[in-house]
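The next block holds one structure in the form of structure tokens; read it before the comments.
Letters A, B, ... are given to chains in the order of the sequence lines, protein chains preceding strands, and every chain is numbered from 1.
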Amino acid sequence: MKRMKVLPLSLREKKRYIAFKVIHEEGEDFPQEDLISAIWNTFLDFYGEHGVSTLSLKVLKDLWREKSKVGVVRCNHISVWKVILGLGLISRLGDTKITIKILKVSGTLKKIKETLQQLKK
Amino acid sequence: MKFFDMHIHTKFSEGESTVEEIAQMAKRLGLAGVCLVYYINKFKEREELEAELKEVEKRYDIKLFMGFKARNLKELRFLVEKRREYDFLFVKGGDLKLNRKAVETPEVDILTHPEFERFDSGLNHIMVKLAKKNNVAIEFNFREVMTTSKVTRSNILKHLRLNMMLCKKYGTPIVITSGAVSHWEMKDPLVLSSFGILLGLDIKDAKRALSETPMKMIKMVRERRSKRWIRPGVRIV
């Protein structure tokens, strides 16, 4: 089957990557799946289906750091503050109380990966 | 840029966290300082509380301020009389008479959630103008949005947006706070500034509500608590 031609760069959506850290209660742990479902539920509750569709939100599962509880979400460049606010609305994951700290907002995945590398050190 | 969260409750008021837990979390979130809010029943113990704040302040290298919140006119009168003995004076919004009295009183620093448990926004153009005249900041509390849902949340957001529009129009000072009752409810300054943008501020104004406005208030508090200060506009040179 013939593949669809990709959009030219000027017509593609501008992406932003937001790295965040989940600060949680000591001794309590949570799986990544809980966080992903909490993100989607909170965003759908707050912005609604139509609102979420305008964010181009994606949780990047591969960049999740289990040990340091650092994750990355992707959105379009005009919705950065909406996504940051949505992340701030998450206060619990099951029985674990959490709060989220925003580490970096970047336009390239490379820079975000560099930030994650620096955190490791 | 230094960010401040001006409304946090400890276990000594309606909260559940210790001063140390709050200071630790503030440091982790990158805040430069927080104001801890107490009720009038702790007024007699204010010296012990202040000593504790100073000790924690040194340990975590973070600014901690002590504020008292008036919940009715009687408490407000009492706290206005003793204004020089603590840092910030808050008034619990919601009651229309108390909202009006708060914006008419120059000793008041912050009117907290004026729309609290109301069917309207709790403020009108006259009250907002008075707040500007008397330099009373209007608070926009993130916790109200975080802890509610569905119809209640949408009504609160509607009222907050209206209050924000009035404050912007008349140039009334604005502060955005987490209103946390536990250190787990404290928020990253970026989250709080995003909340300001949601309510109609631009990025610069949203950051100003977390940084410049609280810093101006802190400067005024320091002046007021110095021995040289007599009353607004009058001090010993």
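- Only the side chain of Arg153(B) has a heavy atom closer than 4.5 Å to any heavy atom of chain A.
- No more than 12 heavy atoms of other residues, nucleotides or ligands shown are found within 6.0 angstrom of CG on Asp95(A).
- Leu85(A) has its side chain within reach of Phe142(B): a pair of non-hydrogen atoms, C-beta onward, lies under 4.5 Å apart.
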Practice problem: Verify side-chain contact (heavy atoms from CB on, under 4.5 Å) between Lys82(A) and Ile197(B), making sure each step is shown before the conclusion. | Solution: CA-CA 9 Å; Lys82(A) 282 185 186 170; Ile197(B) 298 169; over 6 Å; no
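- By the 6.0 Å contact criterion, CZ on Arg71(B) is enclosed, its count of non-hydrogen atoms from other residues, nucleotides or ligands being greater than 12.
- Ion pair Lys97(A)/Glu21(B) not flagged as a salt bridge, since none of the NZ, NE, NH1 or NH2 atoms sits closer than 4.0 Å to an Asp/Glu carboxylate oxygen.
- Residue Leu87(A) does not touch chain B at all, counting heavy-atom pairs closer than 4.5 Å.
- Within a 6.0 Å sphere centred on CD of Glu66(A), heavy atoms belonging to other residues, nucleotides or ligands number more than 12.
- Environment of NZ in Lys63(B): sparse, with no more than 12 heavy atoms of neighbouring residues, nucleotides or ligands closer than 6.0 Å.
- A donor-acceptor pair under 3.5 Å links the side-chain atoms of Thr99(A) to the main chain of Met186(B), judged by distance alone.
- Under the 4.5 Å side-chain criterion, counting only non-hydrogen atoms from C-beta, Trp81(A) is in contact with Leu198(B).
- Atom CD1 in Ile102(A) sits 10.0 Å away from atom CG in Leu29(B) (nearest 0.5 Å).
- Chain B forms more heavy-atom pairs under 4.5 Å with one residue of Lys21(A), Arg92(A), His24(A) than with any other, namely His24(A).
- Within a 6.0 Å sphere centred on CG of Leu119(A), heavy atoms belonging to other residues, nucleotides or ligands number more than 12.
- Within 6.0 Å of the NZ atom in Lys207(B), the count of heavy atoms belonging to other residues, nucleotides or ligands does not exceed 12.
- Side-chain contact check for Glu185(B) versus Ser91(A): every heavy-atom pair is 4.5 Å or farther apart.
- Side-chain atoms of Lys101(A) do not come within 3.5 Å of backbone N or O of Asp188(B) as any donor-acceptor pair.
- Contact annotation for Leu157(B): only side-chain heavy atoms (C-beta onward) come within less than 4.5 Å of a heavy atom of chain A.
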